[in-house]
2 protein chains.
Amino acid sequence: MNLDDVARRAKVSTATVSRVLNQVGAVRSTTRARVMRAIEELNYYPNLNARTLAGGTSRTLGMIVSNLENPFFLDIFRTVEADAYRRGYEVLVAHTDYRPARLVSSVRVMLGRHVAGLALVVSEMEPSLIRELENSKLPVVFYDVGTARPNITNIKVHYRHGMQKIVSYLHGLGHRRLAFVGHHTALGPLHERKRAFLEVTAEYAPGMRVVTVANVDGLAGGQHAARELLTSGFDPTAIVCVNDIMAVGVLRELRAQRIAVPRAVSVTGFDDVALAEFVVPALTTARIPREEIGHRICETLLADHSSARERPAPGLEVIIETELVVRESTAPAPARRSTPKRFARRKPRAR
Amino acid sequence: MNLDDVARRAKVSTATVSRVLNQVGAVRSTTRARVMRAIEELNYYPNLNARTLAGGTSRTLGMIVSNLENPFFLDIFRTVEADAYRRGYEVLVAHTDYRPARLVSSVRVMLGRHVAGLALVVSEMEPSLIRELENSKLPVVFYDVGTARPNITNIKVHYRHGMQKIVSYLHGLGHRRLAFVGHHTALGPLHERKRAFLEVTAEYAPGMRVVTVANVDGLAGGQHAARELLTSGFDPTAIVCVNDIMAVGVLRELRAQRIAVPRAVSVTGFDDVALAEFVVPALTTARIPREEIGHRICETLLADHSSARERPAPGLEVIIETELVVRESTAPAPARRSTPKRFARRKPRAR
DNA sequence: CCACTCTGTGTAAGCGCTTGCAAGATTACG
DNA sequence: CGTAATCTTGCAAGCGCTTACACAGAGTGG
């Protein structure tokens with residue numbers, strides 16, 4: 001079942017059927033009706049591969065994500081998908097599991113499918129890829145990584161401002177001894193957050209004492225970091241975490257050790273994933289507006305597709321601001337205790 | 001940049017390049033090496049649309065989901081994606097937002113892209129679609145909806161057993177007054193769960209008193225249902241929820257009203273989404289093994305792709321069993337109180 | 001040493017669709 | 001009513017790839 005069948009049934013040429021399907025060119029209304037009826041009767045739908053091959057473009061956006069498990073990326077994907085759908089586009093996702101090799105092969109697949117635009121929402125990156133994408137002339141959006149280029153737009157979060165919001169909020173609550181729980185990476189957004197934290201505490205809140213714990217990722221990493229902190233003797237009044245997941249891990253360990261949050265120690269996250277709201281105590285965090293990011297991605301990728309041709313699109317850079325969301329995991333710093341070596345502990349309650 | 005360019009550079013014909021790329025037919029090893037080098041040097045990658053058009057099949061699986069926001073569906077998708085990737089397939093997702101119209105159009109898109117197999121993990125369904133898919137001869141898997149057909153495999157969860165596990169567990173704890181919080185739908189898996197609950201309580205635990213609250217979906221629905229229960233005068237000792245999300249809503253309302261869970265009332269969910277573990281108190285629930293479902297989907301879709309041709313695959317039906325996961329939201333039923341009209345309340349603690 | 005079977009490679013016909021070009025049909029206008 | 005301008009439609013050439021078929025050269029056995 002193909003265009004030919006439809007054309008034969010409607011007694012026109014395939015060219016005419018194509019024009020009806022794509023609503024281009026001029027077709028007499030009676031002819032159009034005849035064609036539409038034939039399509040209807042035959043229950044015809046077009047072969048999209050053939051269409052893309054012949055036409056050169058597909059109404060498809062590509063999106064590559066490090067990890068769909070991460071609700072953060074998922075939220076972005078959902079927004080992009082919804083926006084794209086509204087404009088008649090579908091979106092092809094691939095996830096890389098943080099492996100550069102998969103990134104490269106995914107990009108190849110996307111290019112091989114001739115997507116109309118490509119969003120890379122990943123934390124790993126290969127420099128050679130950027131060159132390849134630049135040469136492809138395809139509209140590309142990077143989130144949080146890479147550099148702007150003629151056809152590449154860059155979306156960045158203002159981590160500095162975000163950390164500033166968190167730190168100045170904690171400072172206002174009287175906290176003077178902060179711990180930072182982060183990663184070991186010397187690159188990427190996670191490292192940027194750490195640097196932002198250190199800069200902010202140094203410049204805006206010079207009276208603060210600061211310690212950082214570097215760790216593996218995820219919830220377990222947070223737990224581990226908390227344990228490490230508890231035995232370090234630093235005794236912070238607040239623990240600033242590089243993201244929400246780590247913060248939940250910290251919360252968990254603190255709970256296991258019967259250390260009251262936020263009475264004895266405050267905890268903050270970063271991102272504001274859904275979990276942040278449900279965990280107990282609900283997490284104070286800096287919200288990155290995922291929806292806005294998704295909208296911007298779709299907007300950028302689809303922007304010129306109608307009036308195409310000469311948009312030079314000067315290496316655009318989009319800056320996204322975060323929003324401090326105060327919940328239950330933060331409170332005024334406890335008064336200085338006689339034994340600064342120990343966290344205040346709730347008395348172990350019977351179970 | 002296409003096959004021709006590679007062929008010219010390697011001084012062979014396009015046919016030979018194609019054979020090297022697809023590892024079919026016989027190619028002399030020296031020729032192969034020359035072709036590979038040309039591919040390398042030109043940084044060539046194939047046009048997948050052309051390949052699919054010419055070859056008839058694509059190494060792509062399609063998956064249509066009602067709502068990727070639902071972590072349950074997402075888990076299935078992730079497993080399918082991972083399995084598919086391991087076998088050299090990519091997967092195209094679409095989500096329908098529970099709208100039948102989007103389902104139909106998504107199926108069209110998948111067929112139009114000539115996917116090698118299609119998984120429908122949706123709760124809405126159009127009877128006409130089943131016929132269409134049946135005619136397409138494409139390997140199809142339905143999850144939790146639809147009927148088995150020659151080319152259509154059906155994966156079903158044994159809700160009856162699941163509910164039986166929950167009810168008999170609660171019965172063993174001494175609970176005799178159960179409330180069920182569910183939906184209004186008269187169809188689909190959610191309705192099946194409700195029916196299973198009613199049948200189980202009637203047959204296996206005849207001494208129980210039962211009330212059902214039908215509601216809208218989601219967390220808010222659960223909260224609303226709990227409020228309704230609190231004013232109904234039924235005073236259950238345990239609340240069985242149709243899924244985890246609703247259960248979390250119930251938990252939330254109970255907490256707001258300072259009703260102790262599980263001391264005064266036990267709560268159970270269904271599904272075991274990630275949230276169930278993090279909520280306080282952690283939710284007792286019947287776990288549907290998402291990974292297993294994902295594996296089965298991939299396995300089914302890719303099964304015959306090598307030895308294809310004559311698999312009649314008699315309308316297969318796959319039954320998945322649930323597993324009771326006991327956490328903190330359930331406990332022995334409280335002793336009968338003098339004023340059965342009221343839930344036991346914790347005394348409001350100071351904040 | 002010849003008929004025959006493999007093995008390796010090229011030729012060319014599509015796969016289903018879009019689109020530039022040109023011809024035929026229709027309309028406008030003097 | 002004739003001619004030019006405009007609207008409709010069809011023809012046919014691809015898009016980049018796969019694959020049946022043909023065929024040349026290399027083994028093989030008798």
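Numbered from 1 within each chain, the chains take letters A, B, ... in sequence-line order. What you are looking at is a predicted structure, and each value in this text was computed from that prediction instead of being measured. Any value given below was found using the heavy atoms of this structure, including those in side chains, with hydrogens, waters and symmetry copies removed.
For C/dG8, its base never sits under 3.5 Å from the side chain of B/Arg32 at any donor and acceptor pair.
In this structure, A/Leu53 places its CG atom 12 Å from C1' of C/dG14, rounding to the nearest Å. Taking atom CG of residue B/Asp4 and atom C1' of nucleotide C/dG10, one finds them 13 Å apart after rounding to whole Å. Atom pair A/Arg19:CZ and D/dT9:C1' shows a separation of 6 Å (rounding to whole Å applied). As rounded to whole Å, 13 Å separates atom P of D/dC15 from atom CG of B/Leu3.
Listed pair A/Arg28 / D/dT8 fails the phosphate criterion, with no side-chain N or O lying under 4.0 Å from OP1 or OP2. Distances shorter than 4.0 Å separate some side-chain N or O of A/Thr16 from OP1 or OP2 on D/dG10. Regarding contacts with the backbone of C/dG16, every side-chain N or O of A/Asn47 stays at 4.0 angstrom or more from both OP1 and OP2. Between A/Ser18 and the phosphate of C/dT18, there is a side-chain N or O to OP1/OP2 separation shorter than 4.0 Å.
Using a cut-off of 4.0 Å between Lys/Arg side-chain N and Asp/Glu carboxylate O, A/Arg108 and A/Glu132 are scored as salt-bridged. For the pair B/Arg78 and B/Glu81, the salt-bridge criterion is not met [side-chain N within less than 4.0 Å of a carboxylate O].
Looking at the side chain of A/Ser13, the nearest of the listed nucleotides D/dC15, C/dT9, D/dG10 is D/dG10. Comparing D/dT18, C/dT18, C/dG16 against the side chain of A/Thr14 picks out C/dT18 as the nearest. When distances run from any side-chain atom of A/Ala26 to the nucleotides C/dG16, C/dT9, D/dT8, the shortest one goes to D/dT8. Checked against D/dG10, C/dG10, C/dC17, the side chain of A/Ala15 finds its nearest nucleotide in D/dG10.
Residue contacts shown for B/Thr52 are absent, as no nucleic acid heavy atom lies under 4.0 Å away. No engagement by B/Val17 is indicated, since no non-hydrogen atom pair under 4.0 Å with the nucleic acid exists. Nucleic acid contact class of A/Asn22 (heavy atoms, under 4.0 Å, all strands): sugar-phosphate only.
Judged by distance alone, the side chain of B/Asn2 and the main-chain N or O of B/Asp4 form a donor-acceptor pair under 3.5 Å.
Enclosure of atom CZ in B/Arg37 is not indicated, since only 12 or fewer non-hydrogen atoms of other residues, nucleotides or ligands lie within 6.0 angstrom.
Of the residues listed (B/Val109, B/Leu103, B/Val93), the one engaging B/Ile64 in a side chain to side chain contact (heavy atoms under 4.5 Å, CB included) is B/Leu103, and it is the only one.
Nearest-nucleotide assignment on DNA chain C puts the 5′-proximal partner with B/Val27, out of B/His114 and B/Val27.
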